[in-house]
Amino acid sequence: SINQNIWAIQNSGLSWGILIDIILNQPNKITSAIILFHGYGGNGKDISALTYSWKRFLPNTVFLCPDAHQACPINPSGFQWFDLSKDDPKYIIEQSLRAEEIIHKFINEVKKLYKLSNSKICLSGFSQGCMLSINIGLTSDENFNCVVGFSGKIIDKEHLSKRISSKTKMLLIHGELDAVVPASNLLDAKDFLLRNKIEVETHMIGDCDHHIPVKASSIALKYIKKTF
């Protein structure tokens, strides 16, 4: 059976939210990790639903679904990685950089606990969580195994282009009917990544709005199995 545990890391400022690990009591058997970042107004429990279909195929992988560090004003039970109350690009960049800093601390705790390098860690996220996964995948000291992003975009292409220090390969998936983060952002992200010589695979899902359908989950699992 799948154990669900809540962990807290004081150093990072993030709750570990839902940690799904069939072999929780056998940490030496963990050879890789997938960290999933929820969307705006969501939480770790929301996005942990993805892992139920993935876990059986990745028995030596630990799944971590942290809650963001800020409560979300539009959903009292949810969280946000950065504030969207101001339509100010400079403010959003500042907020997202703060989120990146906190997430980097969290990732370092995961690496220390499970004795993993970046090459054994997949960063995955939905919407706002996807945006941060892309940024972190391109601004770290070394490449991660991969980034798997759903329904996201690049927060600020000009700002990110000046910060690229790593070139983590990416899988980006988007619903063609997405009205929250329009599907055109998938094409923009692909263009940006290719121009910066970053390996990227993209999939547009037909008749799909702002969510992760089973088809997208299956595509992601196939990709992750190949990279791990």
Side-chain angles (χ1 to χ4, degrees), residues 1-70 72 78-82 99-137 139-150 152 168 170-171 212 217 220-221 223-225 227-228:
S1 62
I2 295 177
N3 294 306
Q4 297 189 16
N5 295 272
I6 297 179
W7 291 61
I9 296 183
Q10 300 300 327
N11 292 341
S12 68
L14 291 182
S15 162
W16 278 43
I18 303 298
L19 182 149
I20 299 180
D21 180 8
I22 291 175
I23 47 179
L24 187 63
N25 297 318
Q26 298 172 298
N28 292 336
K29 291 190 176 182
I30 294 294
T31 58
S32 56
I34 297 177
I35 307 176
L36 297 108
F37 302 100
H38 62 76
Y40 180 76
N43 57 42
K45 186 175 182 180
D46 291 341
I47 200 163
S48 71
L50 267 179
T51 67
Y52 295 119
S53 59
W54 292 0
K55 186 63 192 181
R56 72 187 71 177
F57 299 102
L58 300 165
N60 299 109
T61 299
V62 62
F63 293 80
L64 299 136
C65 309
D67 295 330
H69 57 292
Q70 295 179 347
C72 181
F79 301 89
Q80 62 184 20
W81 296 106
F82 53 90
E100 286 181 36
E101 180 183 337
I102 290 170
I103 290 171
H104 273 297
K105 289 180 180 179
F106 176 80
I107 292 171
N108 286 336
E109 291 287 345
V110 172
K111 290 167 65 175
K112 182 179 178 181
L113 178 62
Y114 290 101
K115 298 178 175 59
L116 298 174
S117 63
N118 282 15
S119 64
K120 298 298 184 180
I121 298 174
C122 162
L123 304 178
S124 185
F126 171 71
S127 195
Q128 201 178 68
C130 170
M131 299 175 202
L132 285 169
S133 295
I134 292 171
N135 278 16
I136 291 168
T139 60
S140 296
D141 294 335
E142 60 177 303
N143 293 346
F144 288 91
N145 180 276
C146 63
V147 165
V148 174
F150 305 92
T168 303
M170 303 196 182
L171 168 68
I212 305 174
S217 175
L221 174 61
Y223 181 86
I224 292 168
K225 285 170 62 181
T227 62
F228 274 166

Which pair of heavy atoms, one from [X] and one from [Y], lies closest together, and at what distance?
X      : Y      : answer
Trp54  : Phe63  : CE3-CE2, 3.8 Å
Val147 : Ile134 : CG1-N, 4.3 Å
Ser133 : Gly125 : OG-N, 3.8 Å
Gln80  : Ala68  : O-CB, 3.2 Å
Leu36  : Pro66  : O-CD, 3.4 Å
Leu132 : Ala99  : CD1-CB, 3.9 Å

Nearest 0.5 angstrom please: [X] [atom1] to [Y] [atom2], how far?
X      : Y      : atom1 : atom2 : answer
Cys122 : Leu58  : SG    : CG    : 9.5 Å
Arg56  : Leu221 : CZ    : CG    : 9.5 Å
Leu123 : Cys146 : CG    : SG    : 8.0 Å
Ile136 : Ile103 : CD1   : CD1   : 4.0 Å
Phe150 : Leu50  : CZ    : CG    : 5.0 Å
Leu64  : Ser48  : CG    : OG    : 11.5 Å

What residues, two or more places apart in sequence or in another chain, satisfy side chain to side chain contact (heavy atoms under 4.5 Å, CB included) together with [X]?
X      : answer
Ser117 : Ser119, Lys120
Asn43  : Lys45, Asp46, Asp67, Phe79
Lys111 : Ile107, Asn108, Asn118, Ile121, Glu142

Discussion item. For Asn145, give me all partners under side-chain hydrogen bond (donor to acceptor under 3.5 Å, both in side chains), at least two apart in sequence or on another chain.
Written reply: Thr227

Worksheet item: Can you list the residues that meet the side-chain hydrogen bond (donor to acceptor under 3.5 Å, both in side chains) rule with Ser32, with sequence neighbours excluded?
Response: Thr61

Practice prompt. Would you sort out whether His104 and Ser140 count as a side chain to side chain contact (heavy atoms under 4.5 Å, CB included), showing the intermediate values?
Written response: CA-CA 9 Å; His104 273 297; Ser140 296; 3.3 Å; yes

Practice prompt. Give me the ring orientation class for Phe37 and Trp81: parallel if the planes are under 30° apart, tilted from 30 to 60°, perpendicular past 60°.
Written response: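 Perpendicular: the ring planes of Phe37 and Trp81 meet at over 60°.
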
Discussion item. Treating Thr168 as the side-chain partner and Phe144 as the backbone partner, does any N or O pair qualify as donor plus acceptor under 3.5 Å?
Written reply: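 Yes, the answer is positive, given that a donor and an acceptor are paired below the 3.5 Å cut-off.
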
Worksheet entry | Pair listing, side chain to side chain donor-acceptor pair (under 3.5 Å) test, anchored in residues 121-130, at least two apart |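 Output for this query lists Ser127-His210.
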
